[in-house]
There are 2 protein chains.
Amino acid sequence: MGNRPTIADIAKRVGVSPGAVSFALNGRPGVSEQTRARIIEVAREMNWRPHRAARALGGAQAGVVGLVLARDPRTLGSEQFYTQILYGMQDVLSAGSSAVQMQLVRDTAAEIDLYRHWAAEHRVDGLVLVDLQLDDPRLAVVRELGLPAVTLGLPGEDGQLPSVWADDAEAMTTIVDYLAALDHRRIAHVAGPPVYQHTARRTSALREQAVARGLTAESVPTDFSDAQGAAATRTLLSRAERPTAIIYDSDLMAAAGLGVALELGIEVPRRLSIVSFDDSVLTRIVHPALTCLSRDTYALGAQVATSLLAAIADPRSRTSIRTETPRLVVRGSTTRPA
Amino acid sequence: MGNRPTIADIAKRVGVSPGAVSFALNGRPGVSEQTRARIIEVAREMNWRPHRAARALGGAQAGVVGLVLARDPRTLGSEQFYTQILYGMQDVLSAGSSAVQMQLVRDTAAEIDLYRHWAAEHRVDGLVLVDLQLDDPRLAVVRELGLPAVTLGLPGEDGQLPSVWADDAEAMTTIVDYLAALDHRRIAHVAGPPVYQHTARRTSALREQAVARGLTAESVPTDFSDAQGAAATRTLLSRAERPTAIIYDSDLMAAAGLGVALELGIEVPRRLSIVSFDDSVLTRIVHPALTCLSRDTYALGAQVATSLLAAIADPRSRTSIRTETPRLVVRGSTTRPA
DNA sequence: GTGGAGAACTAAAGCGCTATAGTCAACGGT
DNA sequence: ACCGTTGACTATAGCGCTTTAGTTCTCCAC
């Protein structure tokens with residue numbers, strides 16, 4: 001039963017003091033190589049594992065990093081992306097026998113509460129902040145709490161926190177390049193909520209590109225839900241001069257948009273090309289499969305974990321890592337306008 | 001900074017011993033109502049929060065329950081369901097200021113390793129076992145480790161563990177009832193892996209129903225991936241005597257199947273009816289929207305959390321809760337066969 | 001007015017591990 | 001031969017909280 005061996009048990013068995021065992025097991029000087037080996041062997045034999053709480057209590061780490069997702073329970077849909085991130089993170093962290101504590105909350109206020117809670121209870125050693133907002137209120141809180149953190153997305157203006165990011169502007173340019181090459185002149189963009197930094201970057205990149213190339217472009221904000229994605233699509237496609245291509249900020253909305261096109265009898269891709277900013281199974285199972293930007297989300301998660309571990313080890317480190325710009329994967333949903 | 005107040009700080013401030021503070025804050029007898037009130041007030045004033053690790057060390061609970069999902073990172077797809085479960089669980093657990101530790105692993109062996117790990121490090125107070133298998137190797141391990149656990153799905157044969165479950169056989173019957181009423185005579189079932197208990201139950205329920213009603217029915221096993229779901233569909237639809245209705249064990253496979261039907265030019269629902277065993281956004285965004293079994297997954301998660309808390313409080317409790325049988329939600333993907 | 005039962009606390013040990021200070025012997029340099 | 005080092009440990013305190021075993025007091029019954 002629950003009676004796991006303690007460091008004292010090992011000490012007794014080997015015939016040394018508990019302190020010596022602690023030194024040995026943590027690779028710290030203070031014991032001869034001989035006894036160290038002996039201790040390690042006995043520890044393995046007895047199937048010893050450190051008691052996390054005991055370690056954490058001694059001022060050490062909790063062995064947990066936190067990741068909270070703020071979204072309405074009914075607007076779920078981006079899980080695919082974050083599940084992959086989670087997977088990537090876990091594989092890196094479990095090597096250091098840490099774990100990721102993922103939690104879903106309703107909104108940013110709840111998210112902040114949770115951070116305070118976690119900090120107070122010493123539950124986590126570090127945080128991953130996702131879905132960065134313009135003027136993000138979380139940044140100040142995290143700084144105040146003194147918790148190491150890494151942002152996934154754009155780096156903070158003033159480089160407050162280390163971050164792992166991809167260039168959204170460049171990604172948008174990739175898409176527009178492609179659509180322009182196909183001769184699309186009227187492009188629409190079903191975007192996420194404007195408070196998000198990535199949405200803002202994409203939107204402005206599209207505008208710039210449109211001006212530079214003399215295209216008509218328009219971004220429609222949504223809350224990322226399939227319902228609003230569908231609604232936006234319906235509005236766009238009901239116009240007299242409807243767009244010949246629509247870029248969606250998420251795979252969920254893209255799929256929903258495709259459904260609307262089918263429902264309106266607008267052939268995809270002949271009469272409407274669709275591009276999704278996210279890749280996932282979803283883009284592959286609908287018909288036609290969706291052209292999208294794809295990236296190695298698993299690797300991204302691993303990257304985030306690595307950065308976070310570095311930030312925890314040295315809280316003053318401030319290195320941001322720019323990841324590869326997502327690649328465009330062309331599938332059946334795009335072609336030259338009819 | 002990080003210098004959170006301790007129970008001793010409160011004690012000093014109020015002028016009592018740390019023990020008294022502990023009593024007061026835990027609603028335990030040993031202090032007068034007056035001092036208790038005073039202590040609680042000061043604690044709030046100083047913004048005190050218990051240090052989790054310290055509590056856990058004293059033999060108390062870690063305040064974490066574990067949920068591990070064993071699946072290949074490339075076969076992800078059921079996240080939607082589990083994200084909802086997670087959400088439901090969290091809302092119940094956070095009231096008791098516990099958290100859910102969700103982790104993804106590659107297979108059952110890794111899952112079992114993780115349980116041992118968690119148990120040894122006292123990381124979790126209890127477990128939720130999902131995707132029960134026939135002759136599930138995890139049951140013995142969990143018993144051996146003495147960890148309170150709840151299964152989500154069918155109860156163990158011998159009622160070893162409390163469980164929260166819905167009747168898969170009855171659910172399947174609901175679907176067949178409906179399809180039979182529409183006059184479908186040849187029904188196929190794209191199932192999950194046969195090792196899973198729910199797959200087995202559904203498969204045998206379908207067989208029984210088919211015999212009872214004189215229908216032709218067939219179950220095709222898959223690994224739950226969109227690829228195999230699509231492949232199975234392709235095989236079924238390429239037959240001379242193809243089914244007029246296909247039941248899918250997951251929404252992901254159902255959507256993939258729909259894609260295949262479109263690709264083969266088989267109209268849905270006129271020439272093929274599709275029913276999904278799971279509900280999620282996915283069933284709503286494809287076109288036509290999929291008829292499916294729906295249940296309140298959030299509530300299910302909450303139920304699981306409640307049961308688990310009960311199991312933790314009293315490890316001998318063995319109450320299984322049978323939840324409502326999922327309701328059939330009819331949408332555009334089903335009709336009478338042409 | 002004395003014994004005894006509560007009530008209201010305090011004191012202190014302990015959870016498992018880390019970390020610091022201290023002990024002790026062996027060795028080397030002068 | 002003596003002091004200072006160094007290496008290999010041991011002893012001990014402490015992390016923040018819980019919990020058990022006291023210690024006082026007060027109050028009441030006989």
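Chain letters run A, B, ... following the sequence lines, proteins first, then strands; residues in each count from 1.
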Check your understanding: In whole angstrom, what separates Ile7(A)'s CD1 from dA19(C)'s C1'?
Key -> 12 Å
Check your understanding: Arg36(A) near the nucleic acid: base, sugar-phosphate alone, or nothing, with a heavy-atom cut-off under 4.0 Å?
Key -> nothing
Check your understanding: Taking only side-chain nitrogens and oxygens of Ser32(A), does any of them come within less than 4.0 Å of OP1 or OP2 of dA8(D)?
Key -> no
Check your understanding: Considering only dT10(C), dT18(C), dG16(D), which nucleotide approaches the side chain of Ser17(B) most closely?
Key -> dT10(C)
Point to revise | Given DNA chain D, 5'-ward residue of the pair Gly58(B) and Val31(A), judged by closest heavy atom | key: Val31(A)
Check your understanding: Below 4.0 angstrom from OP1 or OP2 of dG16(D), is there any side-chain N or O of Arg55(B)?
Key -> no
Check your understanding: Any side-chain N or O of Thr6(B) under 4.0 Å from OP1/OP2 of dC15(D)?
Key -> no
Practice item. Classify the nucleic acid contact of Val21(B) as base, sugar-phosphate or nothing, counting any heavy atom under 4.0 Å across all strands shown. Key: nothing
Check your understanding: Base, sugar-phosphate alone, or nothing: which one does Pro29(B) contact when heavy atoms must sit under 4.0 Å apart?
Key -> nothing
**Study point:** Nearest-neighbour nucleotide for the Phe23(A) side chain, dC17(D), dA19(C), dT10(C) considered
**Key:** dA19(C)
Review point. Among the nucleotides dT10(C), dC15(D), dC17(D), which one has an atom lying closest to any side-chain atom of Leu57(A)?
Key: dC15(D)
Check your understanding: Taking only N and O in the side chain of Ser22(B), is any of them less than 4.0 Å away from OP1 or OP2 of dT18(D)?
Key -> yes
Check your understanding: So, is Thr35(B) near the phosphate of dC9(C), with a side-chain N or O under 4.0 Å from OP1 or OP2?
Key -> yes
**Study point:** Any side-chain heavy-atom pair of Val64(B) and Trp118(B) under 4.5 Å
**Key:** no
